[in-house]
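Data block below; observations after.
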Amino acid sequence: MFLAEVQNAISEKKICILIPTYNNEKTLKRVIDGVLSYTESIIVVNDGSTDSTPQILTQYPQISVITIPENKGKGNGLKTGFRKAKELGYDYAITIDSDGQHYPDDIPVFVNALLEENDDVLLIGNRNMSQDGIPKKSSFGNRFSNFWFWFETGIKLEDTQSGYRLYPLHKIPKKYFTPKFEFEIEIIVRTAWRHIPVKNVPIKVLYDPAERVSHFRPFKDFTRISILNTILVTITLFYIIPRNFVNNFKKKSFKKFIKEDVLESDGSNRIKAFSIALGVFIGLSPFWGFQTLLVISLSVLFKLNKVLAFVASNVSLPPFIPFIIAASLFLGSPFVQGDSNILSQDLNFELIKNNLLQYVIGSFILSTTLSALAGITTFLFLNKLNPENN
């Protein structure tokens, strides 16, 4: 895109450039000057800087400056900037770090990608983390973040930690729970949960040890990020995946749902059969309270179909529980001493408590047998429908 086209697009799409900064006096002026080549729609959030940042910002009366008296973290700075951007009537905000690692001349990359989408999208700059000069801890942290983002959203990205991003201001969540570096993880995960596409765009990156000032605290911030991911994974397993499954089911007829979400879902017939088998095994095993967590985690670990495994795990729905208990106790009775005449007793959890070993052994026999049967039956059925998908 030519410069004039970029400038027109920024104006028409109501895009602003948001620059959060904290003690980056060495690079801040260069970043602002570079952005001004494309637009004066700039919001700088001075997050309690104690260096010469305030003096630098006085040189730019044409831009909006928000000053936070005391440093409260990057996440808080971004949230403050987003609120200001919406107040000023902007629909999108491109965030660029002030430490000099991002090139302002990559702004057209974001603008062009937004125009091509023709819809709301959250774009994240994809840095080449394998190039010389990239700290190993940054490369590892990015891979770590990419994995958990994929687990929590199902979206595979090559870079989830870059601060160079384009946000659709009216589609991102309005309230957040994290104030510091972990905010940038929270916002992309929760935006993806709202069914807004999250994609990478290629950008350049510069790591200059002589200029760059990083405020990332390895132990404290990594701990905060780990805690956040634990919470997000829990929400994913117990709310997001079941919610999406129910919504997909509601939107389609039963026949269409089976065809598109089950028969034509990703994976070979063999993978689908193993997924069903895993779900049945977990659903019938004595893992009460942890079945959803286990079935999704194991599906991810073994690269199985999470939807099919989750559906199959619901074999232990409440109406079937008495039959599962009875069958488990019956199958386990030959292996332990005690009363094997369980069918003459009331089927309840007190009975399980008094015959725990009998129940555990029997439930594993039942789950193993029926999971194998379900897997084989599923494979034969799918192979008959689509023999080429093996």
Side-chain angles (χ1 to χ4, degrees), residues 117 119-124 145-157 160 167-168 170-178 184-200 228-269 271-283 287-318 374 378 382 389:
E117 285 293 324
D119 202 357
D120 286 313
V121 63
L122 194 160
L123 301 172
I124 302 175
S145 178
N146 294 348
F147 170 79
W148 287 114
F149 178 76
W150 167 72
F151 188 99
E152 293 151 4
T153 67
I155 300 172
K156 289 187 176 181
L157 296 180
T160 53
Y167 291 99
H170 298 287
K171 298 296 182 178
I172 58 178
K174 295 180 180 179
K175 294 183 179 180
Y176 303 92
F177 307 101
T178 53
E184 291 183 296
I185 296 173
E186 179 190 353
I187 190 171
I188 62 174
V189 171
R190 293 182 58 204
T191 299
W193 285 350
R194 297 163 72 96
H195 305 296
I196 301 300
V198 181
K199 299 182 178 181
N200 277 144
L228 172 64
N229 275 316
T230 300
I231 295 171
L232 293 176
V233 166
T234 302
I235 295 173
T236 298
L237 296 176
F238 291 100
Y239 175 68
I240 298 299
I241 291 176
R243 180 204 67 179
N244 292 346
F245 173 78
V246 171
N247 288 343
N248 286 338
F249 186 80
K250 286 181 177 179
K251 291 177 182 177
K252 304 173 182 179
S253 65
F254 180 76
K255 182 177 180 181
K256 187 176 181 181
F257 177 80
I258 293 296
K259 180 180 179 181
E260 295 183 0
D261 291 69
V262 179
L263 298 182
E264 295 182 4
S265 56
D266 293 337
S268 65
N269 292 342
I271 291 296
K272 293 172 184 175
F274 275 117
S275 302
I276 293 288
L278 173 67
V280 171
F281 178 81
I282 297 297
F287 301 122
W288 305 104
F290 298 95
Q291 290 172 331
T292 300
L293 177 64
L294 283 170
V295 77
I296 299 299
S297 298
L298 291 173
S299 297
V300 171
L301 180 63
F302 294 112
K303 298 181 179 180
L304 301 178
N305 187 304
K306 295 188 291 293
V307 173
L308 290 180
F310 173 74
V311 172
S313 70
N314 285 282
V315 67
S316 58
L317 286 171
T378 300
L382 293 176
N389 190 29

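Distance OG1/Thr153 to CZ/Phe151: 11.0 Å, rounded to 0.5 Å. We find the CZ-CD1 distance between Arg190 and Ile172 to be 10.0 Å, quoted to the nearest 0.5 Å. Note that the CG atom of Leu232 and the CH2 atom of Trp148 stand 10.5 Å from one another [nearest 0.5 Å]. A distance of 14.0 Å separates CD1 in Ile196 from CD1 in Ile188, rounded to the nearest 0.5 Å. We find the CD1-OG1 distance between Ile240 and Thr234 to be 12.0 Å, quoted to the nearest 0.5 Å. In this structure, CG in Asn305 is found 10.5 Å from OG in Ser268, a value given to the nearest 0.5 Å.
With sequence neighbours excluded, the residues forming a side chain to side chain contact (heavy atoms under 4.5 Å, CB included) with Phe274 are Arg270, Leu304, listed by chain and number. Not counting sequence neighbours, the partners of Thr178 by the side-chain hydrogen bond (donor to acceptor under 3.5 Å, both in side chains) test are Glu186. Checked against side chain to side chain contact (heavy atoms under 4.5 Å, CB included), Ser145 has the following partners two or more places apart in sequence or in another chain: Thr160, Gln161, Ile185. Ile231 pairs by the side chain to side chain contact (heavy atoms under 4.5 Å, CB included) definition with Ile227, Ile235, not counting sequence neighbours. Asp120 meets the side-chain hydrogen bond (donor to acceptor under 3.5 Å, both in side chains) test with Tyr92; sequence neighbours excluded. Taking Lys171 as the reference, nothing meets the side-chain hydrogen bond (donor to acceptor under 3.5 Å, both in side chains) condition, with sequence neighbours excluded.
In terms of heavy atoms, Ile276 sits closest to Ala312 at O-CB, 3.5 Å. Minimum heavy-atom separation, Gln291 to Gly283: NE2-O, 3.0 Å. Residues Val233 and Glu152 come closest through the heavy atom pair CG2-OE2, 3.5 Å.
Side-chain atoms of Trp193 never come within 3.5 Å of backbone atoms of Thr236 as a donor-acceptor pair (strictly under, hydrogens ignored). Checking side-chain atoms of Ser313 against main-chain N and O of Phe310 turns up a donor-acceptor pair under 3.5 Å.
Using a 4.5 Å cut-off on side-chain heavy atoms (C-beta onward), Tyr167 and Ile187 make contact. Side-chain contact between Leu157 and Ile124 is present, with at least one heavy-atom pair separated by less than 4.5 Å. For the pair Pro168 and Leu122, the minimum side-chain heavy-atom distance is below 4.5 Å.
Residue-environment remark: CZ (Phe147) exceeds the threshold of 12 foreign heavy atoms within 6.0 Å.
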